[in-house]
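If you read the sequence from its start, that first residue is 1, and numbering goes on from there.
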Amino acid sequence: MSSVRTRRRSVISEAVAPWSDIARLLRGGEADTLIPVIIPRHRRRLWWMLPLWLGVYALLTGVMLTLAEAGSDGLGDLAYGALATLSYVGGVVLLLIGGLWWWRSSIVEIEQGTNGVLTRYGAVTRTLDAGRHYLWHPWSRVDFVVDTATEIPYSAPVMACPTRENVPLRSIEFFLKFRITDAVLFVRTIGAGNFDLVLSSAVQDAIRQRARQMRTQRAYDLRGSDVADMQDLLNRQLSGYGVRITGCNIPDVQLPTQYQHHLATRERIAKERTAYEQEWGLTRKRRIDSLGMDIERAKKVRDARIVEVKAALNRAREEVAQLLERQETEAQRVRFEIETRGRSGLIAAENEARAQRALAKAYRDNRAVLQYELARRRLEVGAGLAGKAPRPVVVRTDGGTDTSALSTLFTAQLLPRLTAGERPAPGDWTHGGRDSE
């Protein structure tokens, strides 16, 4: 809990000072006193007119002595001439002194960042910017020097400010910066002393309105809060005085003693809670580290088992590969045996087929030979029959003409007997009929 700081309210006032002290008072001021307006203590008086009038009187005296010299003679003429010369010299010197005095008293130097309010016969005529000015009119003077460039800081603590629950806060510090934008409007409308009262009242009203909207337990939220609405309100209220608020904030809020104790207890509990949270965080971190170490050990054991499983898997793969290789070798052997037996069977089948083809060819050749022999014998039989046939013999069969080789041979055997007059035996006919059939 921070110690209670007491800060006095700033006071805005105006001061009467010579021209040499204007810069010091505007920039520094006095303790807790802001001086934006200086009333210069004028050094300008009408004494500069005295040497001018004396000079004019001396010149007129010289003229009179010159006229008197013209009407005299001798020693009087010499005396009047000397007095006239002295009068002329004295008059010129007095005129020069009066003119220099007038020129020097008419010089006015306005400090940088300020404006001078020029008046003539007490009426405001215009403002003078920074720099050197010449006031040739005898009754023209600078009545006010106003600081229009500096942002003037102003502190206004508000005491016993009630909150929404009607609990009076100990104090609310309000800090603002303002700048005088219109020097003539400021000095003619309100002045520095009255502006202090008006600004203090406006600030207190704005702070009390803001505090009424806050709960006591959230009063510290006013510190550093956004006060743009308060700045706009103050600008609307003070714009008619030629003043503009350039910035404001609430730097500090002081609660009542009871609430301060409550807040101290709350802060203590918050600190204890933070300490407990830190302790629990350390314990949690240790447990997490321990669990992490256990997890790492489990990962190492798992990795070792994975390595063992991979080694066993590699061995199994090698055994399976060897078994597959043996099986493939045995399969190749069986395949080679089968291929060998197949090739042997194929060769035997091919040989048998060749033999069958050769046998079939032989059968075809024998048939041709038989057909040739049969045809030859037919020719022989035909020739014999044709030579010995006394009569034609007609051989009939019930089924038609039989052109088989056996019928032909049988007929060839019977024909010689028939032609020789022999009668065939019953068995021969029987065989012949059967053959015919």
Novice: So, taking the atom named CG in Leu199 and the one named CD in Gln237, what distance separates them when rounded to the nearest 0.5 Å?
Specialist: 9.5 Å

Novice: Charged N to carboxylate O below 4.0 Å: is that the case for Arg273 and Glu277?
Specialist: yes

Novice: What are the two closest heavy atoms between Pro40 and Val145, and how far apart are they?
Specialist: CG-CG2, 3.7 Å

Novice: Is there a side-chain contact between Ile207 and Met230 in this structure, where contact means two heavy atoms from C-beta onward sitting under 4.5 Å apart?
Specialist: yes

Novice: Side-chain contact test, heavy atoms from C-beta onward, threshold under 4.5 Å: evaluate it for Phe174 versus Leu176 and give yes or no.
Specialist: yes

Novice: Can you give me the closest heavy-atom contact between Gly247 and Gln231, atom names plus distance?
Specialist: N-NE2, 3.8 Å

Novice: Ignoring hydrogens and geometry, is there a side-chain-to-backbone donor-acceptor pair from Arg223 to Pro251 under 3.5 Å?
Specialist: no

Novice: Less than 4.5 Å apart, any side-chain heavy atom of Arg287 and any of Arg284?
Specialist: no

Novice: Would you check if the side chain of Thr189 reaches a backbone N or O of Tyr241 as a donor-acceptor pair within less than 3.5 Å?
Specialist: no

Novice: Hey, would you say the Tyr154 and Phe195 ring centroids sit under 6.0 Å apart?
Specialist: no

Novice: Could you tell me whether a side-chain N or O of Asp196 sits under 3.5 Å from a main-chain N or O of Ile12, the two making a donor and an acceptor?
Specialist: yes

Novice: Between atom CZ of Phe144 and atom CG of Asn115, what is the distance when rounded to the nearest 0.5 Å?
Specialist: 14.0 Å

Novice: Is there a donor-acceptor pair under 3.5 Å between the side chain of Ser201 and the backbone N or O of Leu197?
Specialist: yes

Novice: With rounding to the nearest 0.5 angstrom, report the CZ to OG1 distance, Arg212 to Thr163.
Specialist: 7.5 Å

Novice: Taking all atoms of both residues into account, what is the closest heavy-atom pair of Thr148 and Arg179, and its distance?
Specialist: O-NH1, 3.1 Å

Novice: Do the non-hydrogen side-chain atoms of Phe178 and Thr246 ever get within less than 4.5 Å of each other?
Specialist: no

Novice: Rounded at 0.5 Å granularity, tell me how far CG in Asp289 sits from CD in Glu296.
Specialist: 11.0 Å

Novice: Could you grab the distance from atom CD1 of Ile152 to atom CG of Leu34, nearest 0.5 Å is fine?
Specialist: 6.5 Å

Novice: Rounded to the nearest 0.5 Å, what's the gap from CZ on Arg343 to CD1 on Ile338? Could you check?
Specialist: 11.5 Å

Novice: What closest approach, in Å, do Cys248 and Val227 show between heavy atoms, and which atom pair accounts for it?
Specialist: O-CG2, 3.1 Å

Novice: Quick one: does any side-chain atom of Thr181 pair with a main-chain N or O of Gly242 as donor and acceptor, under 3.5 Å?
Specialist: yes

Novice: Just wondering, are more than 12 heavy atoms of other shown residues or ligands nearer than 6.0 Å to CD in Glu325?
Specialist: no

Novice: Check whether more than 12 heavy atoms from other residues, nucleotides or ligands sit under 6.0 Å from atom CZ of Arg164, and answer yes or no.
Specialist: yes

Novice: Got a sec: does the CD of Glu272 have more than 12 other heavy atoms crowding it under 6.0 Å?
Specialist: yes

Novice: Under the rule for side-chain hydrogen bond (donor to acceptor under 3.5 Å, both in side chains), what residues qualify as partners of Thr127, not counting sequence neighbours?
Specialist: none

Novice: Are Arg317 and Val320 packed together at the side-chain level, in the sense that at least one heavy-atom pair is separated by less than 4.5 angstrom?
Specialist: no

Novice: Using a 4.5 Å cut-off on heavy atoms from C-beta on, say whether the side chain of Val117 contacts that of Arg188.
Specialist: no

Novice: Is the closest basic N to carboxylate O distance between Glu319 and Arg315 below 4.0 Å?
Specialist: no

Novice: Of all the heavy-atom pairs spanning Thr114 and Ile110, show the shortest one and how long it is.
Specialist: OG1-CG2, 3.4 Å

Novice: Quick one: are Lys300 and Arg297 in side-chain contact, heavy atoms under 4.5 Å?
Specialist: no

Novice: Please report the C-alpha distance between Ile35 and Ser13 in whole Å, then the side-chain angles of each, then the deciding distance to 0.1 Å, and finally whether the side-chain contact (heavy atoms from CB on, under 4.5 Å) criterion is met.
Specialist: CA-CA 5 Å; Ile35 304 177; Ser13 65; 4.2 Å; yes

Novice: Side chain of Arg244, backbone of Ser239: donor and acceptor closer than 3.5 Å?
Specialist: no

Novice: Quick check: closest heavy atoms across Leu185 and Gly240, and the distance to 0.1 Å?
Specialist: CD2-O, 3.5 Å

Novice: Is the backbone N or O of Arg286 less than 3.5 Å from a side-chain atom of Ser290, with the two atoms forming a donor-acceptor pair by type?
Specialist: no

Novice: Is there a donor-acceptor pair under 3.5 Å between the side chain of Asn235 and the backbone N or O of Ile245?
Specialist: yes

